[in-house]
Amino acid sequence: MRYLRTIAPLVAITLFATGVAWLVGRLPVMEMTEQWVSDLRVATLSPAEPQHPQIVIAAITEETLELFPYRSPVDRDFLSNLLQSLENKGAKAMLLDIILDQATEPKKDTKLKLTLKNLTTPIAVSYTDSNQRLTDKQIAFIDEYVPKNLLGFANLEKDPYNNTVRTIFPGKKLEDGKFLPGVVSVLATKLGVSPPKESTLISWRGRPDDEAKSPPFRSFPAHLIPMLPDAWFLDKIVLIGVDLSMTDRHRTPFSVVAHQAKGLERFGTPGIVVHAHVLAQILAGRQSVEMSREAQVALLFVVAIIGLFLAWKPFSTLTLRMIVSFVSLVGFWVLSFWVFYKGGPLVPMVSSTLAFAFSLGAGNHYVSREQRKAGKFIKGAFSRYLSPHVVDILIKNPDKLSLGGEQRQMTAFFSDIAGFSSISEKLTPEELVGLLNEYLTAMCDIIAKHHGTVDKFEGDAIIAFWGAPLNQPNHATLACRAAIDMKKHLASMRVRLKNEGRPELMVRMGLNSGPMVVGNMGSKQRMDYTIMGDAVNLAARLEGANKFYKSDLMISDATYNLAKNDVDVRKLDVVRVIGKKEPVTIYQLLDNKGEVVGNHADLITRFNAGLVDYKKRDYANAANKFQHALEIDKMDGPSQTYFLRCQEYITTPPATDWDGVFQFTAKG
């Protein structure tokens with residue numbers, strides 16, 4: 001019973017993958033893709049074969065038509081003489097792929113009509129109907145002009161997507177209800193060979209020599225045939241048709257590489273050549289290169305089993321599973337191409353790939369179901385740990401649920417919306433909640449994208465960190481890049497909010513790196529995975545310190561030293577924050593490395609020049625340079641701050657023993 005409970009889902013998955021792959025494979029887009037892959041194999045890998053020994057093509061070319069006073073219809077006297085010449089040379093059979101649907105010169109018409117009637121060599125003549133845009137008068141002319149036992153449909157069966165010829169046209173019923181076979185089938189019957197009764201995939205004949213590009217069938221210009229040796233046509237089946245650039249040319253599997261062809265081949269395959277391939281297949285009794293429907297379903301089932309096996313087999317990592325699956329799939333494709341190259345059938349590759357993918361996906365889902373059940377409680381209990389990394393680690397290591405922490409080198413992040421209280425007073429509770437949720441969602445998505453962990457929300461404030469629970473040596477760079485992306489997103493968000501008539505959000509952010517305690521803090525009934533320590537407090541102070549410089553994104557020298565190869569900054573000041581005695585060098589985080597360009601770069605250059613004079617206590621020159629920076633952007637907060645500070649120091653300079661460290665008198 002237990003064995004059945006195990007095997008039944010596996011059988012169900014295999015049958016499901018097989019059935020879905022079969023159904024999806026019947027969708028038009030999938031059928032088109034499958035056909036293209038098959039065409040590519042036919043065009044590039046058809047096995048080389050000797051030039052057909054029996055079939056010869058008499059091609060009516062441009063040089064042939066130049067011999068006559070008019071191009072169309074083809075000169076009837078010429079056709080009559082050509083047929084008589086081929087009979088005299090001992091041709092075994094002939095196919096005339098010319099529609100004789102209208103009168104020309106009476107004497108010539110009569111001559112050809114008598115020739116067709118009196119030929120002793122078996123011959124089939126192309127016929128068509130009103131579906132091919134012939135009028136009733138033209139059809140009546142054919143019926144009266146050509147003996148009915150010679151006629152066969154010249155139609156080529158084409159797929160509905162891109163008009164590619166891939167199958168043998170068996171024939172169809174006429175308006176009087178009688179069935180008329182295709183012209184090749186008529187000729188094959190006259191030669192004592194039974195043609196297929198239904199549509200069959202053409203087994204295209206390969207070239208004898210790929211390098212020389214020799215054609216699969218010998219072909220001679222029709223107007224030269226009377227002058228050629230009789231032995232070349234003795235006991236040969238001669239197919240007569242046009243080989244012109246824009247007439248009776250058709251898209252075939254070889255068209256997928258037609259752009260590489262030279263001469264007339266780039267325009268498609270002549271209809272008479274298609275007939276030659278079909279006739280060669282019928283005469284040789286060659287089977288269709290298409291797998292039977294039963295064989296295709298069996299193949300899908302086998303491939304689905306392979307996909308399920310890979311899903312069931314334990315791998316050390318998901319990456320390894322993906323690599324093995326990809327290599328297996330590539331191997332299947334290579335094998336399928338090789339099978340056709342060696343004369344095998346056209347294996348359905350797209351639907352087989354779908355069966356493999358569906359089975360692998362469903363199998364992975366089933367195999368991991370018990371693991372998901374085991375982790376369901378933990379995910380529910382700790383869903384407030386917004387970082388997926390935390391939840392994953394807790395699932396893999398439940399012992400980490402105990403209280404306690406560890407000290408790590410990390411980067412802390414604090415952000416706050418400027419003037420949020422005044423914004424909240426202008427909005428209804430519903431509008432406020434909607435705006436806040438929209439903002440917090442976007443910011444948290446960016447933090448998650450850069451592998452950070454959101455610690456908590458305090459109203460509109462966000463606290464996050466990098467460096468735990470995963471060990472992230474580049475925690476400072478990750479945090480800086482996340483903050484830069486948040487700043488860029490907020491810029492575009494403000495434009496949209498303004499256009500929607502909603503309050504614009506100006507956000508201050510602060511980052512600091514250093515030793516922090518991280519872990520589960522609280523009680524056994526309620527705990528938070530959070531950070532603590534002086535380095536955390538400094539990050540909070542830097543967020544507030546943005547007010548003093550009218551800046552948006554401030555980092556400490558500790559963070560800058562860790563991420564300086566990856567980001568661009570401008571030095572703002574050396575300060576003492578409330579609660580700390582040691583001075584801290586602070587920077588405004590501008591952008592990723594090398595992305596500060598144009599006017600913004602010029603502004604930073606002017607600001608830095610002013611800062612040099614400021615440090616020299618040359619406040620007058622410094623003020624001029626900061627004002628010069630404001631000419632580029634009058635809203636640049638740090639330049640405004642230093643310009644006003646220099647104005648103050650010009651009249652009331654600091655003490656002579658001042659160490660240049662700016663002392664904050666408030667938290668910000």
Side-chain angles (χ1 to χ4, degrees), residues 46 48-61 63-64 74 78-98 100 112 115-126 146-147 149-152 154 156 168 181-196 202-209 212-244 248 264-265 269-286:
S46 291
E49 300 178 69
Q51 201 167 58
H52 200 282
Q54 287 184 284
I55 298 174
V56 176
I57 295 175
I60 297 174
T61 64
E63 290 77 10
T64 305
V74 179
F78 167 77
L79 292 177
S80 176
N81 293 337
L82 177 60
L83 295 174
Q84 287 287 359
S85 176
L86 289 170
E87 182 165 81
N88 294 337
K89 290 176 182 293
K92 182 177 181 179
M94 292 180 284
L95 186 152
L96 181 60
D97 190 27
I98 302 292
L100 305 173
L112 178 58
T115 299
L116 292 172
K117 181 179 179 181
N118 297 326
L119 281 174
T120 59
T121 303
I123 185 172
V125 181
S126 288
V146 183
N149 67 320
L150 306 185
L151 291 173
L156 297 177
I168 298 174
V183 67
V184 176
S185 296
V186 170
L187 184 61
T189 302
K190 289 178 180 291
L191 292 169
V193 181
S194 298
I202 298 174
S203 178
W204 300 93
R205 195 171 181 87
R207 292 178 178 273
D209 185 349
K213 298 297 182 183
S214 302
F217 307 96
R218 281 177 293 173
S219 178
F220 304 104
H223 59 282
L224 297 181
I225 286 178
M227 296 177 283
L228 297 177
D230 294 353
W232 290 7
F233 302 95
L234 180 63
D235 290 329
K236 298 297 188 289
I237 303 170
V238 183
L239 279 54
I240 305 165
V242 299
D243 188 1
L244 305 172
D248 195 28
L264 295 181
E265 286 190 10
T269 304
I272 195 65
V273 175
V274 175
H275 290 324
H277 281 279
V278 172
L279 181 60
Q281 179 175 348
I282 294 174
L283 293 178
R286 291 170 62 158

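Not measured: the values here are computed from a predicted model.
When all heavy atoms of G152 and V186 are compared, the closest pair comes out as CA-CG2, 3.8 Å. Closest approach of A222 and T64 over heavy atoms only: N-OG1, 4.2 Å. What you find for V183 and A154 is that their closest heavy atoms are CG1-CA, 4.2 Å. Minimum heavy-atom separation, V193 to P195: O-CD, 3.3 Å. Across every non-hydrogen atom of K190 and N149, the tightest pair is NZ-O, 3.1 Å. Summarising the geometry of G271 relative to L156, their closest heavy-atom pair is CA-CD1, 4.3 Å, with the distance given to 0.1 Å.
A donor-acceptor contact shorter than 3.5 Å links the side chain of E87 to the backbone of T120. With hydrogens and angles disregarded, no donor-acceptor distance shorter than 3.5 Å links the side chain of Q54 to the backbone of D235. Counting only distance, with no hydrogens or angles, the side chain of S85 and the backbone of N81 share no donor-acceptor pair below 3.5 Å. With hydrogens and angles ignored, the 3.5 Å screen pairs no side-chain donor or acceptor of K92 with any backbone N or O of L191. Listed for the R205 side chain is a donor-acceptor partner under 3.5 Å among the backbone atoms of P50.
Within the 4.5 Å cutoff, no side-chain heavy atoms of P270 are placed close to those of V242. Inter-residue side-chain proximity for K89 and I225 is flagged as met; some heavy-atom pair is nearer than 4.5 Å. L100 places a side-chain heavy atom less than 4.5 Å from the side chain of L116.
Once rounded to the nearest 0.5 Å, the distance linking CG of L112 with CG of L96 reads 7.5 Å. With values rounded to the nearest 0.5 angstrom, L244 atom CG is found 8.0 Å from I60 atom CD1. Rounded to the nearest 0.5 Å, atoms CD1 (I272) and CG (D97) are 4.5 Å apart. In this structure, the separation between CE on M94 and CD1 on I240 is 6.0 Å, given to the nearest 0.5 Å. We find the CZ-CZ distance between F233 and R218 to be 8.5 Å, quoted to the nearest 0.5 Å. To the nearest 0.5 Å, atom CG of residue L83 and atom CG of residue L119 are 5.5 Å apart.
In the model, Q281 has no side-chain atom that pairs as donor or acceptor with a side-chain atom of S203 under 3.5 Å. T61 and D243 share no side-chain donor-acceptor pair at under 3.5 Å.
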Worksheet item: Stepwise, does the side-chain contact (heavy atoms from CB on, under 4.5 Å) test hold for V184 with I168?
Response: CA-CA 9 Å; V184 176; I168 298 174; over 6 Å; no
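Between H277 and F217, the ring planes lie perpendicular to each other; the angle is over 60°, past the 30° to 60° tilted range.
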